[in-house]
Amino acid sequence: MMKNIQQVKAFAKLNLTLDVLGKRDDGFHELITIMQAIDLYDEISIEFTSKKAVSVAADFELPEGSVAFNAANEYMQRTGSGGANINIKGRIPPMAGLGGSSADGAAVLRAMQRHYGLMDRPSLYALAAQLGSDVPFLLEGGAAICRGRGERLEPISAGILAGLCYLVVKPGPGISTAQLFAGLRPPYAGAKSDEARLALQADDKRLFLSCISNALEPPAAELLPSIGHILKRLRRCGALAAGMSGSGSACFAVFDDKNKALAAAEGFVDAGIDFCGVFNPISGFDIYNKQDLCYNNGSGWDEGRIR
Ligand code: C5P
């Protein structure tokens, strides 16, 4: 019989590219973005209960109706499964564009499905998309080119991506995704998601790195000038490329040598930056297996964490 408590990891994402194509009638923006899961994660403990109720506690302030709560509650309502008591230890900085709350929701869905096994794959994905634009990707992990609101995935398997690591830096203040999108007006800054996808297919690393770009970067940097300062510094620290993730305020620099990334990180740590770490790409999860259970995954966090 399966244990009643699971420890799972909720992995963050980076947007290596992000194009905004336009605003849709439903208020969302049509995007093309290449997302990469990284080994920065929240730790989640879930106790499965026969009582049909969901509770969520966290060591940070959770919004009313968090994605994690909605994920477990909707799973329970739609399948008639038992409930869950969820406890979240937050590591992923909030309002950073790293997918923190969506990652929690995706990890809870994986755990519910692993324990109760009552949804088929299409229903699980439909629920994920309803919970948030990034939840389907974070359910899957790995790397993917994502379209629509970000919920339509085309997995990418590219040798180039496996050989990279990321220095992630976030200033103190964060950015609200909803607020940034609400203030967005055309023309949108050019980004290069499709070109990046072709470069990955052609195994052209130099071209791929030149495509790292984010249409949300200019409006985010206008809102929060420290983003511009961080990006300038990341571009001068020996990295192959640098960019902003999602709607910010976290930025990243790309390296193919972890020691160089760690050395560059020291400069940011010394300068007293709010959050800084070096992280590896994470391959896709099999939602019916146990790849993201804590005891089955090495010491990525401790190894990758700087401060
Ligand atoms: O889907 P999610 O809940 O993460 O989106 C948060 C907010 O960001 C939405 O309410 C919407 O205003 C905005 N958004 C958008 N276009 C997207 C994704 C999000 O306008 N593709």
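Counting convention: from 1, in listed order, for ligands and their atoms alike. Note that the numbering runs from 1 along the sequence shown for the chain.
Put simply, the side chain of M95 does not reach to within 4.5 Å of the side chain of I175, judged on heavy atoms.
Criterion: ILVMFWY side-chain heavy atoms under 4.5 Å apart, direct or through other members. Under it, L62 and V108 are part of a common hydrophobic cluster.
Salt bridge R147/D19: absent, no basic N to carboxylate O contact under 4.0 Å.
Applying the side chain to side chain donor-acceptor pair (under 3.5 Å) rule to pairs touching residues 148-164 yields S133-R149, sequence neighbours excluded.
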Could you give the N/O to N/O pairs under 3.5 Å linking ligand 1 and the protein, each with its distance?
unit_1	atom_1	unit_2	atom_2	d
ligand 1	1 (O)	S133	N	2.9
ligand 1	1 (O)	S133	OG	2.5
ligand 1	16 (N)	H29	N	2.9
ligand 1	20 (O)	H29	N	3.4
ligand 1	20 (O)	H29	ND1	2.8
ligand 1	21 (N)	H29	O	2.9
ligand 1	21 (N)	R149	O	3.0

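Residue C146 holds its SG atom at 8.0 Å from CD1 of I156, rounded to the nearest 0.5 Å.
Contact between L109 and L124 at its shortest, heavy atoms only, is CD1-O, 4.2 Å.
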